[in-house]
There are 2 protein chains.
Amino acid sequence: MEVLGEIDRSSPIPYYYQLQEILQTWIEENHISPHTQIFSEGELCERFGVSRTVVRQALLGLERDGLIYRVKGRGSFVAPPKLRQQITELTSFTQDMQKRGVRPGARVLYQEMHPVSETVAQRLQIPPQTPVFCLERVRLVNDQPLALQTAHLSFDGCESLLEEDFENQSLYAILAARYGITPFQAEQEYEASIARPRETKLLNLQPGDPVMHICRVTYDTDRHPFEVTQCVYRGDKYRFVALLRKA
Amino acid sequence: MEVLGEIDRSSPIPYYYQLQEILQTWIEENHISPHTQIFSEGELCERFGVSRTVVRQALLGLERDGLIYRVKGRGSFVAPPKLRQQITELTSFTQDMQKRGVRPGARVLYQEMHPVSETVAQRLQIPPQTPVFCLERVRLVNDQPLALQTAHLSFDGCESLLEEDFENQSLYAILAARYGITPFQAEQEYEASIARPRETKLLNLQPGDPVMHICRVTYDTDRHPFEVTQCVYRGDKYRFVALLRKA
DNA sequence: GAGTGGTCTAGACCACCGC
DNA sequence: CGGTGGTCTAGACCACTCG
């Protein structure tokens with residue numbers, strides 16, 4: 001229970017991050033019970049031969065991830081597992097579904113450049129009518145339709161996305177590999193609604209069935225928006241989980 | 001533009017927090033343009049006569065709140081305003097509505113102790129059939145019904161909630177003032193659905209109208225769940241906004 | 001090369017908690 | 001009272017970006 005490994009002083013990975021991972025695997029592999037007190041900052045300094053700054057940075061990371069919580073004057077404690085999972089994290093449809101343990105897929109309906117609408121242009125912070133890359137797909141899980149997804153992308157050289165295959169590849173994976181674009185954060189709006197005729201057909205729904213509308217604006221690491229996505233999910237098969245924290 | 005105020009060395013408020021607020025009001029009051037570079041860490045150390053630890057802690061706070069972003073080797077920059085607002089923050093219905101600029105209200109339908117159901121008991125981590133305080137309200141904005149809200153509360157002495165007036169007072173305000181209970185974080189699940197007969201009546205809806213179902217489990221500062229709330233919002237009048245971040 | 005933020009050290013004092 | 005986490009100092013070296 002006490003053997004935890006060591007910090008590799010020759011590694012390019014920062015000490016605090018190595019320590020964070022050591023503690024995370026220690027908590028998870030030993031199934032330490034919720035509300036159990038873990039090592040104090042002082043103990044960790046001594047045990048790993050690092051300064052308190054490093055230890056505190058590691059513990060802050062674990063706290064941010066919901067793995068531990070800290071109480072002034074008492075100590076640090078293992079958080080209940082419910083609070084660990086499902087942190088509101090920026091993911092692609094593909095990653096989201098893989099995390100839920102199902103097999104994602106896609107059927108492309110439309111893949112063209114076209115002039116951007118007023119509302120989307122505003123969200124992308126570009127002039128109206130600018131040509132943007134537009135991709136409409138039916139998203140599948142285990143070969144059943146789950147959502148209708150329309151993405152609008154705007155960045156230098158986005159025309160070359162016309163050549164890509166989006167039935168078998170993740171959009172975000174292509175953006176990262178070929179264009180060096182990494183999504184950093186996103187705003188997402190959720191609204192309950194009723195399926196429109198076209199959606200009932202594409203998603204195998206009945207008229208009047210509920211759907212969840214989701215509109216996302218995605219920003220890169222320089223905080224410039226590069227993507228606006230509009231999604232319609234089947235209401236009976238999709239549930240969104242958020243973790244809210246006190247300010 | 002350069003006058004920013006000073007850190008009060010005799011105040012009990014930490015330096016880093018004073019500095020964070022000084023910088024925040026400076027950015028907001030001067031309407032500094034997005035992507036403008038702000039002072040470097042070194043400049044701030046000198047200007048305010050504090051160590052770099054304090055400056056970095058203040059800047060980390062501003063970054064967490066979405067007010068600035070930092071790029072290694074380049075500097076710290078003002079973030080675009082869109083990303084500042086609407087951080088996914090744990091709020092009560094009352095606070096939520098006040099932030100949206102409307103007047104919240106409530107009409108109490110049911111306010112009793114009753115044995116807890118199986119599913120709610122599990123979320124509250126208590127034995128089934130335990131008596132819990134149960135409060136059902138129609139929530140109003142500007143005197144129009146917006147949501148049907150059912151709260152289940154479980155903690156020592158929760159029976160005395162029977163005496164409280166929940167038409168004119170916020171539940172969370174009462175919990176904080178009388179019981180020293182502060183919500184710390186919450187899990188929330190969102191699902192699109194169709195109004196049931198009882199809901200159409202209470203919320204002035206037509207059969208078949210869309211609604212948003214929300215189930216919340218709220219945890220206190222010791223990470224123990226004390227409240228489960230089930231909500232049904234009118235789909236046409238409610239939209240949920242989330243901010244997602246890269247892991 | 002000069003300036004930036006990222007990491008790290010080795011100390012210090014404090015408020016808070018439980019005993 | 002001793003132990004805990006919260007705050008703070010005054011340094012240091014590094015990798016990165018830009019001119």
Side-chain angles (χ1 to χ4, degrees), chain A residues 6-23 35-64 67-79 180 182 184 220-224 246, chain B residues 6-23 35-64 67-79 180 182 184 220-224 246:
Chain A
E6 289 294 338
I7 288 174
D8 179 358
R9 306 261 166 183
S10 64
S11 163
I13 300 167
Y15 297 173
Y16 76 89
Y17 192 73
Q18 291 186 48
L19 179 53
Q20 185 178 329
E21 299 226 301
I22 288 171
L23 292 171
H35 309 296
T36 304
Q37 184 162 9
I38 64 169
F39 309 103
S40 73
E41 298 183 355
E43 284 169 341
L44 290 169
C45 290
E46 209 173 319
R47 167 71 184 75
F48 289 95
V50 291
S51 72
R52 219 180 130 198
T53 314
V54 173
V55 168
R56 283 183 61 76
Q57 215 168 340
L59 294 178
L60 274 173
L62 292 173
E63 186 174 39
R64 186 176 25 79
L67 233 85
I68 65 166
Y69 64 95
R70 311 158 90 197
V71 185
K72 191 185 339 192
R74 284 210 282 139
S76 303
F77 305 85
V78 176
T182 313
F184 176 78
D220 64 15
T221 42
D222 280 344
R223 270 62 166 183
H224 291 287
K246 190 159 188 306
Chain B
E6 289 294 337
I7 289 174
D8 179 358
R9 305 265 166 180
S10 65
S11 163
I13 300 167
Y15 298 174
Y16 76 89
Y17 192 74
Q18 291 187 47
L19 179 52
Q20 185 179 329
E21 300 226 301
I22 288 171
L23 292 172
H35 308 294
T36 304
Q37 184 161 10
I38 64 168
F39 309 103
S40 73
E41 298 183 355
E43 284 170 340
L44 290 169
C45 290
E46 208 174 321
R47 167 71 185 74
F48 290 94
V50 290
S51 73
R52 222 180 126 197
T53 314
V54 173
V55 168
R56 283 183 60 78
Q57 215 168 340
L59 294 178
L60 275 173
L62 292 172
E63 185 173 40
R64 186 176 26 79
L67 235 84
I68 65 167
Y69 64 96
R70 310 158 91 197
V71 185
K72 191 187 337 192
R74 284 211 281 141
S76 303
F77 305 85
V78 176
T182 313
F184 176 78
D220 65 14
T221 43
D222 280 344
R223 270 63 166 184
H224 292 288
K246 191 159 187 308

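Just so we're on the same page: letters track the sequence lines, and every chain starts at 1. Reckoned from all heavy atoms, side chains included, excluding hydrogens, waters and symmetry mates. Since this is a predicted model, take the numbers as computed values, not measurements.
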Worksheet item: Rounded to the nearest Å, what distance is computed from the CD atom of residue E46(B) to the C1' atom of nucleotide dT4(C)?
Response: 15 Å
Worksheet item: Using the ring of each side chain (for Trp, its six-membered ring), is H224(B) parallel, tilted or perpendicular to H35(A), with breaks at 30° and 60°?
Response: parallel
Worksheet item: Would you say E43(B) has more than 12 foreign heavy atoms packed within less than 6.0 Å of its CD?
Response: yes
Fill in: Main-chain N/O of R74(A) paired to Q37(A) side chain as donor or acceptor, under 3.5 Å
yes
Discussion item. Keeping Q18(B) on the side-chain end and I13(B) on the backbone end, is there a donor-acceptor pair under 3.5 Å?
Written reply: yes
Practice prompt. Check the distance between dT4(D)'s P and Q37(A)'s CD and give it to me in whole angstrom.
Written response: 8 Å
Practice prompt. Please check the phosphate of dG3(C) (OP1 and OP2 only) for any side-chain N or O of S40(B) closer than 4.0 Å.
Written response: no
Discussion item. Please determine whether side-chain contact (heavy atoms from CB on, under 4.5 Å) holds for the pair L60(A) and Q20(A), giving the CA-CA distance in whole Å, both sets of side-chain angles, and the decisive distance to 0.1 Å.
Written reply: CA-CA 9 Å; L60(A) 274 173; Q20(A) 185 178 329; over 6 Å; no
Practice prompt. Rounded to the nearest angstrom, tell me the gap between atom OH in Y69(A) and atom P in dG5(D).
Written response: 13 Å
Discussion item. If I take atom CG in residue L44(B) and atom P in nucleotide dT4(C), what distance separates them, rounded to the nearest angstrom?
Written reply: 10 Å
Worksheet, complete the sentence: salt bridge (Lys or Arg N to Asp or Glu O under 4.0 Å) pairs touching residues 7-20 of chain A, sequence neighbours excluded, are none
Discussion item. Using the rule given for side-chain contact (heavy atoms from CB on, under 4.5 Å), can you reason through E41(B) versus R70(B), listing the C-alpha separation, both sets of side-chain angles and the distance that settles it, and then say yes or no?
Written reply: CA-CA 11 Å; E41(B) 298 183 355; R70(B) 310 158 91 197; 2.6 Å; yes
Discussion item. Can you list everything that forms a side chain to side chain donor-acceptor pair (under 3.5 Å) with E21(B)? Sequence neighbours excluded, please.
Written reply: Y17(B)
Practice prompt. Quickly, which of L67(B), I38(B), L62(B) forms a side-chain contact (heavy atoms from CB on, under 4.5 Å) with L23(B)? Name it, please.
Written response: L62(B)
Worksheet item: Could you state the CD-C1' distance from E43(A) to dG5(D), rounded to the nearest angstrom?
Response: 13 Å
Response to the item:
Taken to the nearest whole Å, CD/E41(B) to P/dA10(D) is 16 Å
Fill in: salt bridge (charged side-chain N to carboxylate O under 4.0 Å, His left out) involving E6(B) - partner list, sequence neighbours excluded
R47(B)
Worksheet item: Atom CG of L59(A) to atom P of dG5(D): distance rounded to whole Å?
Response: 8 Å
Item to complete: Please give the angle, rounded to 10 degrees, between the axes at the start and the end of the helix from dG1(C)-dC18(D) to dG18(C)-dC1(D), where five pairs define each axis.
Response: 10°
Worksheet entry | Contact letters for nucleotides 14-19 of chain C, in which S counts primed atoms plus P, OP1 and OP2 and B counts the base, heavy atoms under 4.0 Å | --BSS-
Is there any protein nitrogen or oxygen under 3.5 Å from a nitrogen or oxygen in nucleotides 7-9 of chain C, and what are the pairs?
unit_1	atom_1	unit_2	atom_2	d
dT7(C)	OP1	Y16(A)	OH	2.8
dC8(C)	OP1	Y15(A)	N	2.4
dC8(C)	OP2	Y15(A)	N	3.4
dC8(C)	OP2	Y16(A)	N	3.3
dT9(C)	OP2	S51(A)	N	2.8
dT9(C)	OP2	S51(A)	OG	2.7

Fill in: Close side-chain approach of V50(A) to I7(A), heavy-atom, < 4.5 Å
yes
